[in-house]
*Asks:* 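The structure follows.
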Amino acid sequence: MSRLSATDPFIHPDCDITDCTLGAYVEIGRGSRLNNATFGDYSYCDRYADIANARVGKFANIAAFCRIGATDHPLDTAACHHFLYRSADYWDDTTRDEAFFAHRQSRIAQIGHDTWVGAGAMIKPEVTLGDGAVVAAGAVVTKNVDPYTIVAGTPAKPLRLRQPRDIADRLIALAWWDWDHQALRMALDDFRAMTAEAFLEKYED
């Protein structure tokens with residue numbers, strides 16, 4: 001029997017998940033923390049990922065110890081410590097700064113379909129990874145990444161294209177990530193054996 005399910009996400013032990021929507025065949029690795037995030041169908045994160053304020057597309061591959069939507073501290077005020085906005089943790093006669101938290105939640109990171117975020121990488125708030133993009137292990141992504149582009153470094157910079165631009169555009173148009181489960185199964189051997197170009201030639205209308 002298949003380990004993953006269309007109806008119930010596979011959540012490993014010791015996860016902390018709040019205000020999240022998880023699609024079909026999703027897997028969440030041990031010890032991961034998710035808040036205000038959505039995961040599209042077939043996406044997963046490995047162990048101890050920390051993902052907040054993010055919209056993850058379908059078939060995203062998120063390696064262990066990644067941080068997506070890493071939260072910021074205020075930099076224009078006299079202090080940057082979280083006593084400014086988590087004030088009720090320190091004084092009984094005050095409340096937390098709801099406006100600050102609302103602003104933080106509004107800064108959504110967008111992770112495209114068929115993306116790969118390498119181990120220990122960080123994706124900053126409001127960054128978009130285009131469909132098919134790859135982030136090298138340990139990279140810190142502070143700017144948007146074009147579709148089917150591989151980035152590396154701190155801060156992350158383009159390393160090379162994952163697919164030539166014309167092939168990338170055709171893959172995006174094909175949108176195989178929207179195929180149903182049975183169609184994916186029927187094409188599995190071709191996914192495994194064919195180059196992207198040969199696959200396109202067979203499956204494009």
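Because only heavy atoms are used, hydrogens play no part in the values below, and waters and symmetry mates are left out as well, while side chains stay in. We count residues from 1, following the sequence as given.
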*Asks:* Just to verify, what does Asp50 make a salt bridge (charged side-chain N to carboxylate O under 4.0 Å, His left out) with, not counting sequence neighbours?
*Replies:*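 Only Arg33, Arg67 meet the salt bridge (charged side-chain N to carboxylate O under 4.0 Å, His left out) criterion with Asp50.
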*Asks:* Could you name each residue pair satisfying salt bridge (Lys or Arg N to Asp or Glu O under 4.0 Å) that touches residues 183-194, not counting sequence neighbours?
*Replies:*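 Every pair satisfying salt bridge (Lys or Arg N to Asp or Glu O under 4.0 Å) with a residue in residues 183-194: Asp190-Lys202.
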*Asks:* Just grab all the salt bridge (Lys or Arg N to Asp or Glu O under 4.0 Å) pairs involving residues 10-19, residues at least two apart or on different chains.
*Replies:*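 Residue pairs passing salt bridge (Lys or Arg N to Asp or Glu O under 4.0 Å), neighbours aside: Asp14-Arg30.
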*Asks:* Please confirm whether the ring centroid of His103 lies under 6.0 Å from the ring centroid of Phe101.
*Replies:*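 No: the rings miss the under 6.0 Å criterion.
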*Asks:* Name all residues meeting the salt bridge (charged side-chain N to carboxylate O under 4.0 Å, His left out) criterion together with Arg160; count only those two or more places apart in sequence or in a different chain, and write none if there are none.
*Replies:*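 Partners of Arg160 by the salt bridge (charged side-chain N to carboxylate O under 4.0 Å, His left out) criterion come out as none, since no residue qualifies.
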*Asks:* Please check if the distance between the ring centroids of Trp177 and Tyr42 is under 6.0 Å.
*Replies:*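 Ring-ring flag for Trp177/Tyr42: false, centres at least 6.0 Å apart.
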*Asks:* Quick one: salt bridge (Lys or Arg N to Asp or Glu O under 4.0 Å) pairs with a partner in residues 133-142, sequence neighbours left out?
*Replies:*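 Of all non-adjacent pairs touching residues 133-142, none passes salt bridge (Lys or Arg N to Asp or Glu O under 4.0 Å).
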*Asks:* If you link ILVMFWY side chains whenever their heavy atoms are less than 4.5 Å apart, which other residues fall into the same cluster as Leu161? By chain and number, please.
*Replies:*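 ILVMFWY cluster around Leu161 holds nothing else.
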*Asks:* I'd like to check Leu22 versus Leu34 (side-chain heavy atoms, cut-off strictly below 4.5 Å). Are they in contact?
*Replies:*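 Touching, per the 4.5 Å side-chain cut-off.
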*Asks:* So, do Thr115 and Asp131 sit near enough that their side-chain heavy atoms are less than 4.5 Å apart?
*Replies:*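 Thr115 does not reach Asp131 side chain to side chain.
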*Asks:* Would you give the length of the straight line joining atom CD of Glu27 to atom CZ of Arg3, rounded to the nearest 0.5 angstrom?
*Replies:*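 CZ of Arg3 is found 4.0 Å from CD of Glu27.
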*Asks:* Is Tyr44 reachable from Ile17 through a run of I, L, V, M, F, W or Y residues, each pair having side-chain heavy atoms under 4.5 Å apart?
*Replies:*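 No, Ile17 does not connect to Tyr44 through the hydrophobic network.
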*Asks:* Minimum heavy-atom separation for Ala119 and Ala63, please, with both atom names.
*Replies:*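 Heavy atoms of Ala119 and Ala63 come nearest at N-CB, 3.3 Å.
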*Asks:* Do Ile51 and Tyr25 belong to the same hydrophobic cluster, where Ile, Leu, Val, Met, Phe, Trp and Tyr are linked whenever their side-chain heavy atoms lie under 4.5 Å apart, directly or via other members?
*Replies:*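 Cluster IDs for Ile51 and Tyr25 differ.
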*Asks:* Restricting to non-hydrogen atoms, name the atom on Ala109 and the atom on Lys124 that form the minimum distance, rounded to 0.1 Å.
*Replies:*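 For Ala109 versus Lys124, the nearest heavy atoms are CB-O, 4.0 Å.
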*Asks:* Do you know the tightest heavy-atom contact between Ile167 and Ala196?
*Replies:*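 Shortest heavy-atom contact: CG2-CB, 4.0 Å.
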*Asks:* Could you check if a side-chain atom of Ile62 sits within less than 4.5 angstrom of a side-chain atom of Val56, using non-hydrogen atoms only?
*Replies:*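 Touching, per the 4.5 Å side-chain cut-off.
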*Asks:* Closest approach of Pro74 and Leu84, non-hydrogen atoms and distance?
*Replies:*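 Here Pro74 and Leu84 meet closest at CG-CD2, 4.2 Å.
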*Asks:* Could you work out the complete set of other residues in the hydrophobic cluster of Ile108, with links drawn between I, L, V, M, F, W and Y side chains under 4.5 Å apart?
*Replies:*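 Members besides Ile108: none; it forms no cluster.
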*Asks:* Specify the closest pair of heavy atoms between Lys58 and Ser43, including all atoms of both residues, with the distance to one decimal.
*Replies:*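 Distance-wise, the nearest heavy atoms are C-OG, 3.4 Å.
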*Asks:* Is there any side chain to side chain donor-acceptor pair (under 3.5 Å) pair reaching into residues 73-83, and which pairs are they, with sequence neighbours excluded?
*Replies:*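 Those involving residues 73-83 are His73-Tyr85, His82-Tyr90.
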*Asks:* Using a 4.5 Å cut-off between side-chain heavy atoms of Ile, Leu, Val, Met, Phe, Trp and Tyr, which other residues end up in the same hydrophobic cluster as Phe65?
*Replies:*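 Direct or chained contacts put Phe65 with Tyr48.
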*Asks:* Run the side-chain donor-acceptor check on residues 136-151: report pairs under 3.5 Å with partners two or more places apart or on a different chain.
*Replies:*
| residue | atom | partner | partner atom | Å |
| --- | --- | --- | --- | --- |
| Asn144 | OD1 | Thr128 | N | 2.9 |
| Thr149 | OG1 | Asp146 | O | 3.3 |
| Thr149 | OG1 | Pro147 | O | 3.2 |

*Asks:* Any carboxylate oxygen within less than 4.0 angstrom of a Lys/Arg side-chain nitrogen, looking at Arg86 and Asp97?
*Replies:*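 Salt bridge between Arg86 and Asp97, a charged N being under 4.0 Å from a carboxylate O: no.
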*Asks:* Got a sec, which hydrophobics cluster with Leu188, joining ILVMFWY side chains under 4.5 Å apart, including via others?
*Replies:*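 Joined to Leu188, directly or through intermediates: none.
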*Asks:* Is there a continuous path of hydrophobic side-chain contacts, each under 4.5 Å between heavy atoms, that joins Val134 to Val127?
*Replies:*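 No, separate clusters.
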*Asks:* Which atom names give the shortest non-hydrogen contact between Val26 and Gly40, and what distance separates them?
*Replies:*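 Heavy atoms only, the tightest pair is CG2-O, 3.3 Å.
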*Asks:* Please report whether the ring centroid of Phe191 lies less than 6.0 Å from that of Trp176.
*Replies:*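 So the answer is yes for these two rings.
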*Asks:* Treat each ILVMFWY residue as a node, draw an edge where side-chain heavy atoms are under 4.5 Å apart, and state whether Tyr203 and Leu171 are in one component.
*Replies:*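 Per the 4.5 Å side-chain linkage, Tyr203 and Leu171 are co-clustered.
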*Asks:* Return the set of residues passing side-chain contact (heavy atoms from CB on, under 4.5 Å) with Glu126 (not counting sequence neighbours), or none when no residue passes.
*Replies:*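 Once residues adjacent in sequence are excluded, the partners of Glu126 under the side-chain contact (heavy atoms from CB on, under 4.5 Å) criterion are Arg107.
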